[in-house]
Amino acid sequence: MINIEKNLGFLNNQQLLAVKKTKQSCLVLAGAGSGKTRVLTMRIYYILASKLALPNQILSVTFTNKAANEMRSRVGDMFNRSLEGWWVGTFHSICAKILRSYAQEVGLKNDFVIIDKEDQIKLIKNICEIEKINTSEKNPNYFLSFIDRFKNESLTANDINNMKEKKYEKNVIKIYNIYEKELLRLNCCDFGNLILHCISIFRNNKNILKRYQNQFKYILVDEYQDINFAQQKWLKYLYEGHKNICCVGDDDQSIYSWRGAEVKNILNFEKFFYTNTIIRLEQNYRSTKKILNCASHLISHNKGRYGKKLWSEGNIGDKIEVKGHWETKEEAQSISSQIELLIKDNISLNEIAILMRIAAHTRALEERFLNIGLPYRIVGGLRFYERKEIKDAIAYLRISNNLSDDLALARIINVPRRGIGQITIKKISLISREKQISMFDATREYLRSAKNSKGKIEINDLISKILKWNKLKDDMNHIELSELILEDSGYMKLVRNENNQQNNINNFDKLDNLYEFINSLKEFQNLGSFLEHISLVSENENSSKDNKINLMTIHSAKGLEFDHVFLIGWEEGVFPSKRSIEERGKEGLEEERRLAYVAITRARKTVSISFVNQNRYSYASHDFNRPSRFINELPKEDLEIFNSEVYNQESSFEELNQIEEQDFDNITPGKKRLISYNNNKVFDEWDFNQDFENTNLFNEGDKVLHKKFGNGNILKIEGETAQVQFDKFGTKMIFLRYINKKFD
DNA sequence: TTTGACGACATTTTT
DNA sequence: TGTCGTCAAA
């Protein structure tokens with residue numbers, strides 16, 4: 001016992017209270033940086049170390065895999081070993097685990113396939129086609145958003161059908177019904193159904209429910225503010241057993257309302273779980289006082305909140321920098337110069353993060369960083385398993401693993417091209433529907449009846465190969481099998497050909513990704529466990545060992561912290577997002593503000609905010625952007641505002657509104673550049689020269705280094721590009737800006 | 001029937 | 001930037 005107390009010694013009074021109140025349920029309202037994860041891990045540690053429960057009697061639920069992994073490793077560290085049997089994971093992965101055991105209860109087989117949004121859209125498209133629903137006005141996305149919303153609110157197709165009041169369009173209801181039937185027919189489950197199926201098992205089968213209720217003595221939930229109604233209902237079922245749940249959350253950090261999360265859920269906690277124990281963690285251990293002050297000041301503009309007063313014993317810290325730029329290129333240059341300064345102070349790149357509202361805004365930065373050779377990583381963003389080539393590869397593995405995986409077969413049946421077009425596919429799926437057989441079997445059926453043709457021979461070949469792979473599955477090492485499948489199917493050849501023909505970098509990336517994909521199989525025992533894993537994990541598991549600058553959206557930065565944070569794109573319309581305000585009005589704006597709050601509170605030491613006057617989407621006209629209203633909501637005394645034509649300390653947001661757009665329409669890009677260069681001392685001279693030099697530096701015969709292709713020699717220079725002979729990858733045309741000269 | 005080329009188009013956030 | 005739909009050619 002002494003040892004336990006010693007380990008709890010680092011906690012403050014409020015944290016200690018939250019850890020030790022194990023007899024009853026409680027809600028912990030934890031401000032940003034107040035040691036939320038620490039409380040959760042310590043509570044689990046405390047329960048286990050005091051022998052209040054065994055590991056398999058604890059259920060810890062998170063929203064992201066990242067959070068789950070973090071929890072797993074932190075608790076593991078406390079015991080110096082990983083805990084066997086402990087239930088820790090995302091809502092979705094835990095539901096999947098339960099559902100795998102009892103799939104037949106809801107009409108699925110236990111090898112059901114978990115599908116993603118892309119598959120969902122394809123399904124809905126198919127349904128619209130069969131039902132002859134016009135998709136030009138109401139597209140599949142429109143229908144899917146309804147289906148998602150229903151599922152977030154735990155409304156099954158039956159619930160909708162039984163509604164007395166006809167709230168929804170006929171087609172929405174019709175598609176929802178057919179969609180659900182299709183999922184069962186195809187033995188598929190979307191993300192929403194992982195939760196809903198579990199709920200219906202709990203509701204319909206008391207024995208199964210009792211089993212889990214008895215098992216989970218303690219339930220812990222992270223990021224409770226992100227919970228939607230269905231998830232809450234799910235928790236409630238499990239809670240009714242031992243009635244002990246501890247939820248940690250921060251109403252000011254609720255940023256997932258578009259996924260069904262509602263702040264009101266956290267506000268209802270007391271009623272839902274029969275408790276009035278609310279513990280507030282208000283001491284911040286992360287940020288400087290100035291940063292904290294800015295964040296608090298900003299979030300105080302929101303009305304719908306519990307209200308907390310964050311305080312800190314930390315340093316006062318530097319002022320928050322606010323910088324205006326003409327265009328994204330200059331923003332990127334400015335940031336890279338600031339980072340150069342940080343590097344001179346020996347600051348690790350891992351401690352630097354650039355956060356943005358929109359994932360696509362990494363582009364200008366990436367270009368800049370590639371140009372001057374600063375290493376960076378993109379967290380989240382383009383998720384690895386969602387790339388086209390990876391999904392194709394996965395589809396090949398899926399169909400080999402499970403012959404009745406129709407969606408997988410549909411994806412690759414004509415990739416690479418085998419002379420099977422839409423019409424043939426339609427014929428096959430008709431057979432599959434009429435005879436109630438899988439698409440794979442339907443294809444064989446079709447082959448028997450169809451006339452001989454080139455397409456038929458190829459498809460026959462594919463079918464027999466799939467059969468062969470399927471047989472090999474149990475005897476062959478899954479990595480070798482995967483390599484065999486991708487080679488044998490001609491898919492690798494297709495990607496290689498594209499690569500040679502177009503000489504472009506993207507296709508090399510594809511090949512690279514495929515190798516990486518095969519490599520990632522090593523961590524799994526067999527194909528099945530790998531496929532299960534990737535259907536639930538869409539994150540890039542980037543190794544954070546390398547020293548790199550972190551680029552990510554604010555959403556994916558939640559739960560992380562960095563010494564130095566750059567926040568880009570603080571422009572009206574971008575942040576707060578125009579769309580968000582248009583769709584949800586005040587609610588939307590408040591959520592955007594919470595997002596800004598999350599962004600600022602990621603920083604430990606410094607924050608630098610920037611905005612760009614010219615429209616970010618460079619193809620668009622010369623639209624003019626105003627700085628974000630959030631900048632005006634920060635306390636002036638804590639800001640250091642840098643020169644900008646448009647924004648200065650005196651002008652208020654209202655004044656900025658009055659600037660006439662035409663004033664800026666007539667300025668040429670070159671002039672803009674000049675003005676900003678003169679006005680904005682932030683840009684070092686060498687910064688501009690760098691670009692200039694980079695394109696003029698090269699000579700034929702130079703040794704160069706390319707990020708992907710490695711070492712090579714320049715054969716010929718043509719304008720902005722060069723023909724480069726690479727040591728390992730042959731001759732390619734490469735933009736000069738993507739290569740660096742090598743000096744031996 | 002399938003394929004490739006071409007232009008139009010839209011671009012929030014994610015388990 | 002990259003995906004989608006349309007159209008003409010094979």
Side-chain angles (χ1 to χ4, degrees), chain A residues 61-68 89-96 114-118 120-121 125 135-136 139-141 148 151-152 189-195 223 226-228 230-231 254-261 355-364 366-367 379-383 385-388 414-427 450-451 453-456 458 501 504-506 534-540 552-558 569 573-584 588 591-592 594-596 598-599 615-620:
Chain A
V61 206
T62 64
F63 283 88
T64 64
N65 293 292
K66 202 160 46 185
T90 62
F91 275 96
H92 298 273
S93 67
I94 285 171
C95 284
I114 300 167
I115 63 168
D116 62 3
K117 188 174 171 181
E118 201 183 329
Q120 288 181 292
I121 290 285
K125 258 187 196 161
T135 50
S136 56
N139 58 22
N141 252 315
D148 273 344
K151 294 191 174 186
N152 288 335
C189 191
D190 61 16
F191 283 119
N193 273 4
L194 287 172
I195 315 270
E223 308 276 14
D226 289 339
I227 201 153
N228 66 35
Q231 289 158 336
S254 165
I255 53 177
Y256 283 101
S257 73
W258 45 274
R259 223 172 66 188
L355 310 184
M356 53 219 89
R357 178 66 180 82
I358 298 165
H361 285 349
T362 55
R363 247 171 238 157
E366 282 189 77
E367 205 165 295
V379 182
L382 295 160
R383 273 143 300 154
Y385 294 120
E386 281 179 16
R387 288 163 204 261
K388 200 172 163 199
N414 200 31
V415 182
R417 297 249 137 89
R418 297 190 175 89
I420 305 157
Q422 279 187 338
I423 291 174
T424 312
I425 289 173
K426 247 184 213 163
K427 279 182 192 161
K451 281 181 222 151
S453 68
K454 213 179 140 203
K456 189 178 163 179
E458 288 213 50
Q501 275 168 21
N504 84 24
I505 294 168
N506 287 338
I534 58 179
S535 58
L536 290 166
V537 175
S538 58
E539 291 158 36
N540 275 345
M552 67 191 96
T553 63
I554 302 171
H555 281 89
S556 48
K558 200 167 79 157
V574 175
F575 192 34
S577 144
K578 190 174 148 200
R579 210 158 137 183
S580 185
I581 294 174
E582 276 169 3
E583 279 169 18
R584 290 196 309 279
E591 175 144 331
E592 294 286 306
R594 289 193 291 270
L595 206 46
V598 169
N615 197 309
R616 283 198 178 256
Y617 307 109
S618 51
Y619 308 117

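Only this structure's heavy atoms are used, side chains among them; waters, hydrogens and symmetry mates stay out.
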Listing time: all N or O pairs from protein to nucleotides 5-8 of chain B that are below 3.5 Å?
none

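Closest to the side chain of A/I423, out of B/dT15, B/dT1, B/dT13, is B/dT1. Comparing C/dG5, B/dT13, B/dT1 by their closest approach to the side chain of A/W258 singles out B/dT13. Side-chain proximity of A/H92 to B/dT15, C/dG5, B/dT14: nearest is B/dT15. Among the nucleotides B/dT15, B/dT13, B/dT14, the one closest to any side-chain atom of A/R357 is B/dT13. Comparing B/dT15, C/dT1, B/dT14 by their closest approach to the side chain of A/S556 singles out B/dT14. The side chain of A/K125 lies closest to C/dG5, out of C/dT1, C/dG5, B/dT15. Considering only the side chain of A/F191, B/dT15 comes nearest among B/dT15, C/dT1, C/dG5. Set against C/dG5, B/dT14, B/dT1, the side chain of A/T553 has B/dT14 as its closest nucleotide. When distances are taken from the side chain of A/K427 to each of B/dT2, B/dT1, B/dT3, the shortest belongs to B/dT1.
The distance between atom OH of A/Y385 and atom C1' of B/dT14, rounded to the nearest whole Å, is 17 Å. For the pair A/R387 CZ and C/dT3 P, the computed distance is 11 Å after rounding to whole Å. Summarising the geometry, the separation between CG on A/N141 and C1' on C/dT3 is reported as 13 Å, rounded to the nearest angstrom. Rounded to an integer number of Å, the gap from A/E223 CD to B/dT14 P is 14 Å. Remark: P of B/dT15 and CZ of A/F63 are 12 Å apart, rounded to the nearest angstrom. The separation between A/K456 atom NZ and B/dT2 atom P is 15 Å, rounded to whole Å. The nearest whole Å value for the distance from the CD1 atom in A/I121 to the P atom in C/dG5 is 11 Å.
A/R357 and A/E592 are joined by a salt bridge, as a carboxylate oxygen and a charged side-chain nitrogen come within less than 4.0 angstrom of each other.
Looking at heavy-atom distances under 4.0 Å, A/N414 makes contact with sugar-phosphate atoms alone, never a base. Here A/L595 lies out of heavy-atom contact (under 4.0 Å) with every strand. Within 4.0 Å of A/E583, counting heavy atoms only, lies at least one base atom of the nucleic acid. If you check every strand for non-hydrogen atoms under 4.0 Å, A/T424 touches sugar and phosphate atoms only.
The side chain of A/R417 places an N or O atom within less than 4.0 Å of a non-bridging phosphate oxygen (OP1 or OP2) of B/dG4.
Contacts of A/H555 classified as ring-ring contact (aromatic ring centres under 6.0 Å, His included), with partners at least two apart in sequence or in another chain: A/Y256, A/W258. Annotation: side-chain hydrogen bond (donor to acceptor under 3.5 Å, both in side chains) contacts of A/D148 (sequence neighbours excluded): none. A/F91 meets the ring-ring contact (aromatic ring centres under 6.0 Å, His included) test with A/F63, A/W234; sequence neighbours excluded. A/S257 is linked by a side-chain hydrogen bond (donor to acceptor under 3.5 Å, both in side chains) to A/R584, A/E591, counting only residues two or more places apart in sequence or in another chain. With sequence neighbours excluded, the residues forming a ring-ring contact (aromatic ring centres under 6.0 Å, His included) with A/F191 are A/H92, listed by chain and number.
To the nearest 0.5 angstrom, A/E367 atom CD is 11.0 Å from A/T362 atom OG1. A/I554 contributes atom CD1, which lies 8.0 Å from atom CD1 of A/I255 (distance to the nearest 0.5 angstrom).
Mapping A/I420 and A/S580 onto DNA chain B by nearest heavy atom places A/I420 at the nucleotide closer to the 5' end.
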